[in-house]
> 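Here's a structure for you.
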Amino acid sequence: MTVAMSAEYILETRDLTKDFSGFTAVSEVNLKVRKGSIHALIGPNGAGKTTVFNLLTKFLIPSSGSILFKGKDITREKPADVALRGIIRSFQISAVFPKLSPFENVRIALQRRLGTCYHFWKPVSSLDILTERAFELLDSVGLKELAHHHTEELAYGQKRALEIATTLALDPELMLLDEPTQGMGAEDVGKITELVRKVAQNRTILMVEHNLKVVASLADRITVLQRGSILAEGEYDEVSRNPQVMEAYMGSVHA
Amino acid sequence: MNRKLWAALFLAGLAAPFLIYPVFVMQLLCFALFACAFNLLIGYTGLLSFGHAAFFGGAAYVTGYLVKNAGLTPELGVIVGTLAAGLMGYIFGILTIRRQGIYFAMITLALAQVIYFIALKAPFTGGEDGLQDVPRGMFLGLVDLGHTYHVAGKPLELNLYYFVFIIFCIGFWIIHRAIHSPFGQILKAIRENEPRAISLGYKVERLKLLAFVISASLAGTAGATKSLVFQLASLTDVSWHTSGEVVLMTLLGGLGTVLGPVVGAFTVVALQAELSAFGSWVTVVIGVTFVVCVLSFRRGFVGEVLEKIRTRPPGQND
């Protein structure tokens with residue numbers, strides 16, 4: 001039974017805890033992300049969602065507890081190593097390379113597979129074999145026409161789409177999206193929601209999201225964090241009816 | 001267009017010693033190479049080293065010493081000087097590369113001061129006088145680099161000049177290639193957004209270290225060559241003034257542009273030469289020039305020109 005369980009879950013945390021000199025930002029979180037699902041992590045401001053993210057991607061070192069990816073303990077690995085295993089994250093503020101073109105942004109990610117990142121004696125034309133794939137990826141997020149524009153001049157929603165294309169370039173098994181629709185207008189939110197749905201087809205996604213509409217329409221499973229601990233977990237309908245969750249979100253007092 | 005520009009510059013380089021005092025042109029080339037090497041770090045990787053004189057001057061001492069005392073031929077001298085600077089770069093690099101911003105700058109400065117102190121106190125560096133009378137020697141044991149030709153009554157050290165010019169071209173080409181390589185692409189990505197580069201699976205520290213070593217090596221090439229041109233390795237070469245000057249050159253010419261550091265180096269060296277009659281006022285004039293430049297065109301000479309070209313084409317409405 002336990003063996004079958006661990007094959008089913010791509011990512012698990014066991015009593016994951018993070019202290020910042022006395023302040024416990026994340027406390028004994030046991031998270032299980034099922035393979036092939038879209039899992040959302042929600043919670044009020046300061047609940048520790050982004051800290052959990054940074055722990056999972058090794059940008060922060062856990063105080064205690066462990067993280068398992070496909071059954072392997074990755075608690076002590078470095079950020080780049082985790083990325084090489086197939087866990088790719090996005091950031092809350094759009095993570096693009098602003099002075100490179102969208103085409104180059106995607107190509108940077110594709111380049112990693114070539115293993116030529118230290119080759120300073122090779123011409124840049126040695127990367128031409130990646131051009132076709134880069135355009136395919138840009139096309140899939142609707143940025144093909146803007147491939148050679150200046151990334152810093154793109155609209156916010158387009159930057160986020162570019163970020164997703166860059167992440168997809170690495171064909172990650174597990175995508176961690178940190179508030180993919182944050183700060184977007186309604187139209188862009190719809191577009192990004194569709195995009196996430198599309199890219200989720202053959203991979204697992206764990207996302208932090210504030211917009212509950214997006215969560216309701218996308219997530220298979222939801223974990224609610226509050227003050228660093230898990231408050232509730234389940235499907236959207238189940239979780240949204242949970243009185244504790246309602247209190248945490250609405251601040252409604254009940255005796 | 002680009003090819004024509006390079007061809008024109010190359011021809012200008014070939015013709016230069018007949019038009020301008022050759023030693024001056026050689027000085028320009030040495031500092032231009034130094035600034036280009038520095039630019040690989042600050043302009044393309046986003047690392048501000050404040051200790052690059054250690055590589056420039058350190059290599060000058062190594063080359064000067066070996067050519068003078070061990071009888072190395074000049075080309076071997078330059079190669080050994082370059083390797084020595086690369087090794088120093090590796091040591092500096094592993095000590096500093098994890099630091100960010102101002103901390104990185106301060107530690108590189110501190111380490112460079114250690115090199116300065118060694119140059120001042122060590123028994124084989126000539127102390128305050130530096131290493132003097134470094135012979136120019138025989139290139140490959142065949143061509144006398146000290147030979148002076150007389151063309152139209154003017155003495156011209158053409159052998160030495162073309163030796164220096166070739167070194168500059170090779171160094172410049174290596175930097176140009178590194179910038180336009182798969183490696184250079186990732187460096188730019190690190191400069192633009194380091195956390196993102198890490199999250200894509202790049203081992204940023206190793207990549208930065210390699211950039212640092214390449215930059216230090218070529219700064220060393222420039223310093224080694226300089227010690228042959230002036231037949232001197234002095235404390236000025238390893239002093240923090242020189243570290244500061246190369247920052248100035250790169251900023252004036254244009255950070256992160258291929259030709260910017262060359263233009264910047266020419267400007268600073270030419271100003272120093274033209275204004276040398278005013279003594280210490282040179283510093284003031286260059287300081288004022290720098291302030292005016294930074295206030296009126298932040299991107300540097302070349303950077304501003306490129307920006308004009310970029311924003312001009314019609315049909316790109318924002």
> For the NZ atom of A:K78 and the NZ atom of B:K203, what is their distance to the nearest 0.5 Å?
7.5 Å
> Relative to chain A, which segment of B:L210 carries a heavy atom at a distance below 4.5 Å: side chain, backbone, both, or neither?
side chain
> Counting heavy-atom pairs under 4.5 Å to chain A, which of B:A189, B:G201, B:P182 comes out on top?
B:P182
> Would A:Y118 and B:R206 satisfy side chain to side chain contact (heavy atoms under 4.5 Å, CB included), going step by step from the backbone distance to the final call?
CA-CA 9 Å; A:Y118 298 101; B:R206 278 199 228 167; 3.4 Å; yes
> For chain A, find which of B:S199, B:G184, B:A178, B:A197 contributes the most heavy-atom pairs closer than 4.5 angstrom.
B:S199
> Most heavy-atom pairs under 4.5 angstrom with chain B, which of A:R107, A:K58, A:H119, A:R112?
A:R112
> Heavy-atom count check: over 12 atoms from other residues, nucleotides or ligands less than 6.0 Å from A:I61 CD1?
no
> Check whether A:S125 gets within reach of chain B through its side chain, its backbone, both or neither, counting any heavy atom under 4.5 Å.
neither
> Less than 4.5 Å to any heavy atom of chain A: does that hold for the side chain of B:L187, its backbone, both, or neither?
neither
> Just wondering, more than 12 heavy atoms not from B:Y103 lying within 6.0 Å of its OH?
no
> With a 4.5 Å cut-off on heavy-atom pairs, point out which of A:Q111, A:E104, A:R89 contacts chain B the most.
A:Q111
> OH of B:Y90: more than 12 outside heavy atoms within 6.0 angstrom?
no
> Does the side chain of A:F59 reach to within under 4.5 Å of the side chain of B:I198, using non-hydrogen atoms?
yes
> With a 4.5 angstrom heavy-atom cut-off, is it the side chain or the backbone of A:I108 that approaches chain B, or both, or neither?
both
> Please determine whether the number of non-hydrogen atoms from other residues, nucleotides or ligands lying under 6.0 Å from atom CZ of B:R98 exceeds 12.
no
> Just to verify, which of B:R191, B:Q185, B:K188, B:E192 counts as forming a side-chain contact (heavy atoms from CB on, under 4.5 Å) with A:F97?
B:E192
> Relative to chain B, which segment of A:R85 carries a heavy atom at a distance below 4.5 Å: side chain, backbone, both, or neither?
neither
> Any side-chain heavy atom of A:P123 within less than 4.5 Å of one from B:H180?
no
> Select, from A:A169, A:C117, A:A83, the one with the greatest count of heavy-atom pairs under 4.5 Å involving chain B.
A:C117
> Taking it one step at a time, do B:N193 and A:V96 satisfy side chain to side chain contact (heavy atoms under 4.5 Å, CB included)?
CA-CA 7 Å; B:N193 192 336; A:V96 292; over 6 Å; no
> Could you look at A:T57 and say if it's the side chain, the backbone, both or neither that has a heavy atom under 4.5 Å from chain B?
neither
> Determine, stepwise, if the pair A:E163 / B:R196 fulfils side chain to side chain contact (heavy atoms under 4.5 Å, CB included).
CA-CA 10 Å; A:E163 197 187 327; B:R196 180 57 169 168; 3.8 Å; yes
